[in-house]
**Student:** 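Encoded as structure tokens, here's the structure I'll be asking about.
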Amino acid sequence: MSNKLHRRHFTTSSPHPEFCRDPQIVDTLPAGSVLPSLSNLAGSQPGRRTFLRLAALPCFSACVASCMGGVPGFSLSAASSAEDDSRFIVEAQFYEKLAYKKTRCKLCPRECVIDDRERGYCGVRENRGGTYYSLVHSRVCAAHIDPIEKKPLFHFLPGSPAFSIATAGCNVNCKMCQNWDISQSRPEQVRSTYVPPQQLAVLAHENRCPAIAYTYSEPVVFYEYMRDAADAGHAMGVKSVVISGGYIQQEPLKKLCHGVDAIKVDLKAFSEKYYKEIVNGELKPVLDALVTIHKLGVWNEIVYLVIPTLNDSDAELRSLAQWIKSNLGADVPLHFSRFHPEYLLKNLPPTPLETLDRAKAIADAEGLRYVYLGNIPGHPAESTYCPKCKRIVIERIGFTVKETHIRKGKCEFCQQPIPGVWL
Ligand code: SF4
């Protein structure tokens, strides 16, 4: 949900590239890859239901296109037939059958109860005759080779490329979403291509990516594909990293943790009010997910998008830092990321730099050892500092790693262990 695929408002000649959280992703897009009909809709700020209703129109479907820019061997299918769609359909792994052919999804805390021939909130899971299905297995609508720093994961194979993919769908609806054209779409409304797990692993391997990243939309909703792809990747020596909002139930999360190598969680705020009003989700299950990920020993980093007036008070930032230290420890990297006006939050300004510096100062003072600032290329807080000798052990500018001084997991200068997964 972070690590956004910036394509809606920008062409390669956009006059405002600084608005893009991931400028390199824009560079991979073909010139003119703006979607006029979607942009018009964004201007009128449709609600989610309006959006989905409009999206059912054939002309709308024809307009929506996702991007495989920069990845050899990829092309997107045009609108697919019902027969084609059958390739993408597998039975869901977490649900229960109810009376009258209803099903209850047990994948995320929303627990949708779904009538026959209906779909859950995320739009990518469907009840067919009392059996529940995922409609997005192997249904890739976006693929890029990104620096792992763009996810962002700063303590996981720094400087390596990640083979990054998404399907349509999301289980929340963040008002600041930068990829809403895929996250808030149904699978039929975006162009996609069939990439079964083994093929995805081969593509990552052939493109010399040590990891596959499940990102851009919300990988929880393509859970079955993600797990199968992670297994296929591991069989070829390719790791898997999950870029998620962490809105998932405990049982599927635990199974996922046994099959992937890192999980980055977008912790969007430290208040239930924000989650209710801005995310259409809940904070508590996300905090529970973070604790489980930590307990199961999966490498974890946290991103917090700081939005002016909504989640940037001293009290909230301090509570956040205190909770992380008490529940996850001081070594979990925390990335404060700069907000730019997007989607349904265009009325707010970009986060002032002073606010981000203040957030970092608060988290530092609470004792967190690895606090970063993101979306501010060139800021000193992009680099990793040894907590003991204070020297730079990973120097970054934007998404580029300039120098690394970590050897066998330790600071090269003073031998202090630096937590993470290193080359
Ligand atoms: S994963 Fe989708 S269908 Fe399942 S509970 Fe969450 S939103 Fe509903």
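Both counts, for ligands and for their atoms, begin at 1 and track the order of listing.
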**Student:** Check this for me: does any side-chain nitrogen of one of R318 and E366 sit under 4.0 Å from a carboxylate oxygen of the other?
**Tutor:** yes
**Student:** Name all pairs fulfilling the salt bridge (Lys or Arg N to Asp or Glu O under 4.0 Å) condition that reach into residues 228-242, sequence neighbours left out, sorted by first residue then second.
**Tutor:**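 Checked against salt bridge (Lys or Arg N to Asp or Glu O under 4.0 Å) - neighbours excluded - no pair reaches residues 228-242.
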**Student:** Apply the test ring-ring contact (aromatic ring centres under 6.0 Å, His included) to residues H335 and Y372: give CA-CA distance (whole Å), side-chain angles for both, the deciding distance (0.1 Å), then the verdict.
**Tutor:** CA-CA 5 Å; H335 304 251; Y372 298 101; 5.1 Å; yes
**Student:** Could you tell me if the ring centre of F94 sits under 6.0 Å from that of Y223?
**Tutor:**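 Between F94 and Y223, the centre distance is under 6.0 Å.
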**Student:** Which word best sums up how the rings of H155 and W299 line up, parallel for under 30°, tilted for 30 to 60°, or perpendicular for over 60°?
**Tutor:**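 Parallel.
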**Student:** Check ligand 1 against Y132 and write out every atom of the ligand that is under 4.0 Å from a heavy-atom position of the residue.
**Tutor:**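 Contacts of ligand 1 toward Y132, numbered from 1: 3 (S).
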**Student:** What protein N/O/S atoms are there under 2.8 Å from atom 6 (Fe) of ligand 1, waters excluded?
**Tutor:**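 Atoms qualifying: C108 SG.
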**Student:** Cation-pi check for F222 against R139: NZ or CZ below 6.0 Å from the six-membered ring centre and within 45 degrees of the axis, yes or no?
**Tutor:** no
